[in-house]
S.K.: 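Pasting a structure below so you can have a look.
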Amino acid sequence: MRSLFERFRSGSGSTGLGLSIASWVAHAYGGSLTAESAERGEGGGARFVLRLPAGD
């Protein structure tokens, strides 16, 4: 799933920049952005988890 966060990668016809930018911001602030398969029901889909460190 790493390719999801690469620039200009999109399977849905979008520009493919949104997840790349979100991942860059997360890492710039010492956090992370991960993706998991959300195989619930027939819809499937994905779950994205953004983790940022707590502020001072």
S.K.: Compare every heavy atom of Leu33 with every heavy atom of Ser23, then report the nearest pair and how far apart it is.
M.R.: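 The pair with the smallest heavy-atom distance is N-CD2, 3.7 Å.
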S.K.: OG1 of Thr34 to CZ of Arg47: how many Å apart, nearest 0.5 Å?
M.R.: 9.5 Å
S.K.: Tell me if the CZ atom of Phe48 is crowded by more than 12 foreign heavy atoms within 6.0 Å.
M.R.: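 Count over threshold, so yes.
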S.K.: At what distance, to the nearest 0.5 angstrom, does CG of Leu19 lie from CD1 of Ile21?
M.R.: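 Leu19 atom CG to Ile21 atom CD1 measures 9.5 Å (nearest 0.5 Å).
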